[in-house]
**Student:** 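Let me give you the structure first, and then I'll get to my questions.
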Amino acid sequence: MFDFELFGWGILESLYMTLGSTAIAYLIGLPLGILLIVTEQPRDTANYTTKNWIFRIIHVVLGFITNVLRSIPFVILLVFMIPITRGIVGTATGSTAAIVPLVVGAAPYIARLVESSIKEVDKGVIEAARSMGASTGQIIWKVLLPEAKPSLLIGSAIAVTTIFGYTAMAGFVGGGGLGDIGIRYGFHRYQTDIMIVTLILSIIIVQILQEVGMRLAKINDKRIN
Amino acid sequence: MKPIIQINNLGKTFVSKSGDVKALDCINLEIFPGEIFGIIGLSGAGKSTLVRCINFLERPTSGTVQIDGLDLGSLSSNELNIARRNMGMIFQQFNLLMQRTALDNVCFPLELSGVSKRKARERAKELLEIVGLNDKLKAYPSQLSGGQKQRVAIARALATKPNILLCDEATSALDPTTTTATLDLLKKLNQEMRLTIIIITHEMSVVEKVCNRVAIIDDSNICEMGSVNDIFANPKSEAAKRLVFHKKEHDIPFTSKNCYRIIFDGRSSFEPVIANVVLECKAPINIMYADTRNIDGNAVGQMVIQLPDEELAAKRILHYLNNKKIPFEEVKNFV
């Protein structure tokens, strides 16, 4: 039977974990992505100054950390993070606790999405801004981010739907949500009908999140009018 | 007069794994206030690198660039950003901010220099009116044509009231009509604001239309420099000849104007004067009338020739005649 309370809470918990962790992950991933762009140096080291070297080292280190975090399977990260989560949230179970590993898993992913979005900005426009005497900060705030906005929004739609997928695994640490319901009822108790309902609800939620992101991107893109 | 831009022994070498590439070598250049200065060369000659060295978008490997006596190499990055506000720049691909309206694009450099939003908008409106786009304030670049985009770019480049405008192949992406309109606008700005303009191009016709002086750059060096008239009439270097004569060697139309009488006052009959003119100037000549005779090995008499409609080819021929000391005069309405 369709249990409104069960699924209602499931949806709310899923959305809470998804949106909460996406928001926090962006607070980390966005600056990280920008930093990856800003510290990128020409490959050729012949004319390097000290500043070039410092930037290059930062770039390589950040890139490495990002890749390492992205290569850890989320289920393992979830378990591995338990002591750290307990330290931050006070407990390792529940939806709020699940947000911690979700953020750690999503932030590097978001950083790479942001990096690739910003890379799409026309080099000529950046050069024009430099010719007008724009500082690096001004180029980031007034050129890179606004010009990359549509692409960043598409990236965020991808991020939020991927994170929604991650939240399904939060059931392992008692995080709740639709994924948790699917595993507990559908898998452990062989209640296929409940499994199917969670599946359909998940599909609908992902569709909505994706569609909202794409529409926002389209509205905000002044290149096609 | 003191030069507004002074470039001394400028060199730029790009270092790469496959070896060093010398883009510029020992460039010396003086550009004076109010000039329209052309820098022309075939692609790969180094002209784009040169213009980027003028505002230090590319840092030269050697030599100095002085703007109004200020050595750009000695500035901190902050001071350099301020110095750049005195130099507008426009590009082949316009490089407008695609997510900003025409008006906001023009406001952009003003925002960078900390002008209040209200004042920036006022100034931007003024500028868009000067470039003839007062009906496109709210349009996004994607809604504008190439010529209109370049006009927005010009307005934007002038927002901070610079004394210098650098144009990097600014008309190369435009069709001929729009190119002419854009060049006319640049000329107007040059005259009305006493704006010093540096035009980088590979098209001789652009230089011919607007420039006062021109430098021809070939293989990282300036191989020839001088007034546009001189270089067109009498190109000396190989590169200059290639650029000047390259244009339309065939199909130069004639009309009934442009007739000149040349006088043979006793030079050797054995000198093939007309053939030499044609070969030297690479331009056709139409013989309308001839009455010459050979007196003791000397040519005496006159000939009416018609020069091609194309102004530069005609200038070149007249210059050649002058050089060879062959007297000539214009014949009006020769029938």
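Here is the naming used below: chain letters follow the sequence lines, and residue numbers restart at 1 for every chain.
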**Student:** Does the distance from a Lys or Arg side-chain N to an Asp or Glu carboxylate O, for A:Glu147 and B:Arg100, drop under 4.0 Å?
**Tutor:**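 The answer is no: the pair does not qualify as a salt bridge.
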
**Student:** Given that the side chain runs from C-beta out, which part of B:Leu96 has a heavy atom under 4.5 Å from chain A: side chain, backbone, both or neither?
**Tutor:**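 For B:Leu96, the contact with chain A is made by the backbone alone.
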
**Student:** B:Phe108 versus chain A, heavy atoms under 4.5 Å apart: side chain, backbone, both or neither?
**Tutor:**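 Just its side chain gets close to chain A.
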
**Student:** So for B:Pro109, is it side chain, backbone, both, or neither that comes closer than 4.5 Å to the heavy atoms of chain A?
**Tutor:**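 Both backbone and side chain of B:Pro109 come within 4.5 Å of chain A.
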
**Student:** Can you confirm whether more than 12 heavy atoms, excluding those of A:Tyr48, are under 6.0 Å from its OH atom?
**Tutor:** yes

**Student:** Which is it for A:Arg130 and B:Arg84 under the side-chain contact (heavy atoms from CB on, under 4.5 Å) test, yes or no, and what are the steps along the way?
**Tutor:** CA-CA 8 Å; A:Arg130 290 218 296 138; B:Arg84 280 184 182 144; 4.1 Å; yes

**Student:** Looking only at heavy atoms, what is the nearest atom pair of A:Gly133 and B:Arg85, with distance?
**Tutor:**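 Looking at all heavy atoms of both residues, the closest pair is O-NH2, 3.8 Å.
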
**Student:** Is a donor on one side and an acceptor on the other found under 3.5 Å between the side chain of B:Gln99 and the backbone of A:Pro146?
**Tutor:**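 No; zero donor-acceptor contacts below 3.5 Å.
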
**Student:** Taking B:Met98's backbone N and O only, do any of them form a donor-acceptor pair with A:Arg223's side chain (distance below 3.5 Å, no angle check)?
**Tutor:**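 No, A:Arg223 side chain to B:Met98 backbone: no donor-acceptor pair under 3.5 Å.
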
**Student:** How long is the span from the CD atom in A:Glu127 to the CD atom in B:Gln93, to the nearest 0.5 Å?
**Tutor:**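 Going from the CD atom of A:Glu127 to the CD atom of B:Gln93 covers 12.0 Å.
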
**Student:** Check each atom of B:Ile82 against the heavy atoms of chain A and say whether the ones under 4.5 Å are side chain, backbone, both or neither.
**Tutor:** neither

**Student:** Quick one: does B:Thr101's side chain get under 4.5 Å of A:Lys222's, heavy atoms only?
**Tutor:**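 In short, these two side chains do not touch, never coming nearer than 4.5 Å.
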
**Student:** Can a donor-acceptor pair be found, under 3.5 Å and without considering hydrogens, that links the side chain of B:Asn55 to the backbone of A:Ser131?
**Tutor:** no

**Student:** To the nearest 0.5 angstrom, please state how far the OH atom of B:Tyr140 sits from the CG atom of A:Asp221.
**Tutor:** 10.5 Å

**Student:** Taking atom CZ of A:Arg215 as the centre, does the number of heavy atoms from other residues, nucleotides or ligands within less than 6.0 Å exceed 12?
**Tutor:**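 Atom CZ in A:Arg215 is not crowded, with 12 or fewer foreign heavy atoms closer than 6.0 Å.
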
**Student:** Find out whether A:Gln138 and B:Glu111 are in side-chain contact, i.e. whether some heavy atom of one side chain is under 4.5 Å from a heavy atom of the other.
**Tutor:**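 No - every pair of side-chain heavy atoms lies 4.5 Å or more apart.
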
**Student:** Given a strict heavy-atom distance threshold of 4.5 Å, which part of A:Pro42 is in contact with chain B: side chain, backbone, both, or neither?
**Tutor:**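 Nothing of A:Pro42, per the 4.5 Å heavy-atom cut-off to chain B.
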
**Student:** Quick one: are B:Leu112 and A:Lys142 in side-chain contact, heavy atoms under 4.5 Å?
**Tutor:**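 Contact flag for B:Leu112/A:Lys142 side chains = yes.
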
**Student:** Return yes when atom CD of A:Gln207 has more than 12 non-hydrogen atoms of other residues, nucleotides or ligands closer than 6.0 Å, and no otherwise.
**Tutor:**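 No - once you tally the heavy atoms of other residues, nucleotides and ligands closer than 6.0 Å, there are 12 at most.
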
